[in-house]
A.B. asks: 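Below: one structure in structure tokens.
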Amino acid sequence: MKNKNNKRIPFVFILTILLLSCLPTWGQDLGTDMQKLVDWQFSLDSIHWQQVAIPHSYNATDGHSHKYYRGKAYYRRNVVLSESDLRRPLMLLFEGAAQQATIEINGTKVQNHKGGYTPFWINLKGLVRKGENRIEVTCDNHEDVNLIPVSSDFNKNGGLHNPVWLLKMSPIYFSPTNTGLYRLHVATPHVSDREAQACMRADIVNASGSRQQVSVDITLLDKAGKKVYASQRNLRLPKSAAQPVTIVDSFTVQQPHLWNGLKDPYLYQAVMTICDKKGHKLDEVKTKIGFRYFQATADKGFFLNGKSYPLHGVSEHQDIDGKASAVSDSDIICDYQTIKELGCNFLRLAHYPHRDIEYALCDSLGIIVQTEIPWVNVCGVNAEPAYFDNIHQQMREMITSLYNHPSIVFWGMWNELDSWGNTDRLQGKIDCQRIVDESAKLYDDAKQLDPYRLVGVTDCSLYQRDGYIHLKGDFFSENRYNGWYYNHDNPANIRKEMNEIHQKMGVVNISEYGAGCNPFCHITSTDMKQMRADDKYHYEEHANLVHEEHVRQIMQMPFLNFTSAWILFDFPVADRQEGYMDSDDGIHFKENVQRKYINDKGLVTRDRKTRKDAFYLYKAWWNHHEPTVYITGRRMTRLQANSDYCVKAYSNAKSLQLFVDGQPIQFLEHCPDPTNIIWTFCPIKLAPGKHVIRVEGDNHSDSVEKLVE
């Protein structure tokens, strides 16, 4: 994209515009006003206070340590309301308060919400007064066996880590209670190349105190703003605000412009507007929607709009260095610039619902998503009904708020319900039959809320636990770490395992795979068992071999519907102490304490400063719009004289040539590897001194410097 001066517009700017066009619209110029509550006071002890900006997590810094704070913390602020404000319905919207939150208004406890990642609302009627009003929030991330996640391989941060809003509604307004952030649900029950059915649904509340006659305008606009569909309803609203009126409008669009993934993520805009008898707008809601049809098959993989569309991508946490899960809009936009560069057509947003703007960006970029609730690890024989109530609550809240996003195809019910999280300290030993039974109930509830998407689970036991073959679901994903946690010298075993799961479960995916990788730790050996002999050493060369073999095997499994490497960015885990030895020559090592307490399986470091070698392996595979030529092992800057040195590159070029100090050494007319992206040149010996290694192909090149001693 270029402007009239032929200067390239920064991609971050483009993403910002896309983001603003996709976010929920609350009609703040039409009678409903939305105020973001950014500035709060914060305290860990309710005595000593400091000023903070929301989003905020009180584990922003101590999460990268051996022990992070788990307990209560306190937020407070005043909101000034006028007499006219009090004549309007008022609400507080919390987009996510972790891990549970108790809210008090002017000293009155009004709600305790259990679940740190989904939105909830508080009606302020009868709780506020003219002038200053005190809002107090107690966040709590202590371990609670009745609140998911109980156990997890990620930190359970505390705090107001998602935005908070004060909503001043019109006296007649669209309610968010059953329709989430957008206050409007749009389903697309049947879509084909010829026509698409849409069903728009919203709830209208009359809080004016008297009967009202209004009209509701319902429109669908194409990308250019042209009306594709329009209708109007005249309504008589009852006096009681306790009786919302539901509007449902179904219609058909002929010859729809389909939302077609990365190639053409076309979005329509659905709008509902309430007007009074004189035609004045009272409230309006908008949402972007996409028409697409899809199929997950047992033998041929995923299909989008009737065509084979293998899904390849990465998993991602809502986390960034120095902020933990309290990421800003700009943080997210920058991360999606990296995702676009990588070329993903799929993301697994793990292990909980992320902020809504991530899904809006996936809509606009054409990235298909699996998202999930944080039912992770734990389901024991002593699990109480309250535990399963919370699971159903979080599933309901996730689907309700994220309902409209065309990028979402897969709803996830749970991740890795296996033995290690089920201990006597928590809920007792694993209860496999309960997992099967409760999963069936959860599946039915999810399909009732949203019959048009796929609902499934993510396992790590090869579906070998008792009864797992009877699990109810539309898809069955598996987390496998061949070459890392097991099969250290044989990562290719992933294909044998997935073939067995495929025969057993049908529609299957690889939801996690990968290896720990410290990009500043190197080794000259290629023996994979030796590379995994000590967990202090997370060699980048070893991670490269693991990822390379998985790419080879995935290419030979066309039945997979999606694959997602674990994970895009490194993230903190207080229970991990590994991968902390650095070496730039594979011989001399030193301890680096900054590497501890990190899950370093990411393709990029947590601070976003270092893209590891494997990042470019996937970029060469997935990004077909940008040539990639990348020499691996670039951070092993020192070599031994007269030792064999094999230059390896990741590239999507048609041919490559190797140069040393400007002299041509070897030309490869074709990639010697079946992946067509992993290029290895014949071994060379280098004399002592500094050398420049360069690889060229398709008018692109990459070079590294080596000191030979």
Side-chain angles (χ1 to χ4, degrees), residues 58-59 62-63 65-73 97-102 112-118 138-159 317 324-325 350-353 372-395 397-398 412-442 457-468 471 479 481 485 511-512 571-578 597 599:
Y58 50 86
N59 299 120
D62 72 355
S65 68
H66 74 287
K67 185 178 182 181
Y68 64 103
Y69 176 70
R70 299 198 64 182
K72 293 181 179 180
Q99 291 288 313
Q100 56 183 301
T102 301
N112 175 251
H113 182 265
K114 299 188 72 170
Y117 309 98
T118 44
T138 302
C139 288
D140 190 350
N141 68 336
H142 84 279
E143 185 178 86
D144 183 341
V145 294
N146 290 321
L147 168 64
I148 59 171
V150 178
S151 165
S152 64
D153 190 25
F154 58 90
N155 292 344
K156 289 158 280 288
N157 301 314
H317 269 302
S325 52
H351 287 296
Y352 39 78
E372 57 201 44
I373 58 171
W375 186 9
V376 182
N377 295 4
V378 176
C379 186
V381 293
N382 300 322
E384 299 178 3
Y387 184 61
F388 299 102
D389 290 343
N390 184 253
I391 289 168
H392 283 259
Q393 168 207 315
Q394 293 200 41
M395 176 66 82
E397 291 173 342
M398 176 179 72
M413 293 189 287
W414 51 260
N415 176 78
E416 295 193 3
L417 294 182
D418 213 317
S419 57
W420 56 78
N422 293 277
T423 65
D424 290 338
R425 191 180 64 80
L426 298 175
Q427 296 177 356
K429 67 179 182 179
I430 188 170
D431 190 337
C432 293
Q433 187 58 52
R434 189 76 178 272
I435 290 170
V436 173
D437 294 343
E438 294 293 342
S439 295
K441 296 176 186 176
L442 188 61
V457 300
T458 300
D459 185 40
C460 59
S461 71
L462 304 172
Y463 292 91
Q464 292 179 347
R465 290 207 165 271
D466 292 343
Y468 273 24
L471 282 164
N479 298 340
Y481 287 96
Y485 293 126
S511 39
E512 293 181 23
F571 62 96
V573 181
D575 292 336
R576 286 182 176 266
Q577 185 170 275
E578 56 193 34
Y597 319 114
N599 186 321

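Starting from 1, each residue takes its place in the sequence as its number. Atom set for the values below is all heavy atoms of this structure, side chains included, hydrogens, waters and symmetry mates excluded.
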A.B. asks: Would N479 and Y485 count as a side-chain contact (heavy atoms from CB on, under 4.5 Å) here? Give the steps.
C.D. replies: CA-CA 11 Å; N479 298 340; Y485 293 126; over 6 Å; no
A.B. asks: Do E372 and W414 come within less than 4.5 Å of each other through their side chains, counting heavy atoms only?
C.D. replies: no
A.B. asks: Would you mind checking if D144 and K114 are paired as a salt bridge, meaning a charged N to carboxylate O distance below 4.0 Å?
C.D. replies: yes
A.B. asks: Under a plain distance cut-off of 3.5 Å, with no hydrogens placed, do Q394 and N390 share a side-chain donor-acceptor pair?
C.D. replies: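 Judged by distance alone, the side chains do pair up.
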A.B. asks: For A97 and C139, which heavy atoms make the closest approach, and how far apart are they?
C.D. replies: CB-SG, 4.3 Å
A.B. asks: Are D153 and R576 side-chain neighbours, meaning at least one heavy-atom pair lies under 4.5 Å?
C.D. replies: yes
A.B. asks: Rounded at 0.5 Å granularity, tell me how far CD1 in I391 sits from CG in L147.
C.D. replies: 10.0 Å
A.B. asks: Quick one: do the N157 and Y68 side chains pair a donor with an acceptor below 3.5 Å?
C.D. replies: no
A.B. asks: For residues A350 and H317, report the shortest heavy-atom separation together with the two atoms involved.
C.D. replies: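 Minimum heavy-atom contact is O-ND1, 3.2 Å.
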A.B. asks: If every non-hydrogen atom of Y58 is compared with every non-hydrogen atom of G71, which pair is closest and at what distance?
C.D. replies: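 In terms of heavy atoms, the two residues are closest at OH-O, 2.8 Å.
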A.B. asks: Test side-chain contact (heavy atoms from CB on, under 4.5 Å) on M413 and M395 and set out the steps.
C.D. replies: CA-CA 8 Å; M413 293 189 287; M395 176 66 82; 3.8 Å; yes
A.B. asks: Taking all heavy atoms of Y481 and all of E512, pick out the closest pair and write down the distance.
C.D. replies: OH-OE1, 2.5 Å
A.B. asks: Taking everything shown except H66 itself, do over 12 heavy atoms lie less than 6.0 Å from its NE2?
C.D. replies: no
A.B. asks: Is there a donor-acceptor pair closer than 3.5 Å between any side-chain N or O of N141 and the backbone N or O of Y69?
C.D. replies: yes
A.B. asks: Consider ring pair (Phe, Tyr, Trp, His ring centres under 6.0 Å). Of F154, W375, F571, which one does H351 pass it with?
C.D. replies: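 With H351 as partner, F154, W375, F571 yield a single ring pair (Phe, Tyr, Trp, His ring centres under 6.0 Å), made by F154.
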A.B. asks: Does a side-chain heavy-atom distance below 4.5 Å link Q99 with R70?
C.D. replies: no
A.B. asks: In Å and rounded to the nearest 0.5 Å, what is the SG to CZ distance from C379 to F388?
C.D. replies: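 Answer for the SG-CZ pair, C379 versus F388, is 4.0 Å.
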A.B. asks: Is any side-chain heavy atom of V145 closer than 4.5 Å to a side-chain heavy atom of E384?
C.D. replies: no
A.B. asks: For the atom pair CG (D437) and NZ (K441), what is the distance rounded to the nearest 0.5 Å?
C.D. replies: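 Separation between the atoms: 6.5 Å.
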A.B. asks: With distance as the sole criterion, is a donor-acceptor pair present between the side chains of Y597 and Q577 under 3.5 Å?
C.D. replies: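 Judged by distance alone, the side chains do pair up.
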A.B. asks: Please find the pair of heavy atoms, one from K156 and one from S151, that lie closest to each other, and give the distance.
C.D. replies: NZ-C, 4.2 Å
A.B. asks: Output the distance between atom CD1 (I148) and atom CD1 (I373), rounded to the nearest 0.5 Å.
C.D. replies: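 Those atoms lie 4.5 Å apart.
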A.B. asks: So how far is it from T458 OG1 to E416 CD, rounded to the nearest 0.5 Å?
C.D. replies: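 Atom-to-atom, T458:OG1 and E416:CD are 8.5 Å apart.
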A.B. asks: Between V381 and R434, is there a side-chain heavy-atom distance shorter than 4.5 Å?
C.D. replies: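 They are not in side-chain contact.
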A.B. asks: Would you say N59 and N155 are linked by a side-chain donor-acceptor pair, where the criterion is simply a distance under 3.5 Å?
C.D. replies: no
A.B. asks: I'd like to know if the side chain of Y468 reaches the main chain of I435, judged simply by a donor and an acceptor atom lying under 3.5 Å from each other, with no hydrogens or angles considered.
C.D. replies: no
A.B. asks: Might you point out which heavy atoms bring Q427 and G380 nearest each other, and give the distance in Å?
C.D. replies: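 Closest heavy-atom pair between Q427 and G380: OE1-N, 3.0 Å.
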A.B. asks: Would K72 and T102 satisfy side-chain contact (heavy atoms from CB on, under 4.5 Å), going step by step from the backbone distance to the final call?
C.D. replies: CA-CA 10 Å; K72 293 181 179 180; T102 301; over 6 Å; no
A.B. asks: Kindly compute the distance separating CG (D418) from CG (D459), expressed to the nearest 0.5 Å.
C.D. replies: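 Here the rounded value is 6.5 Å.
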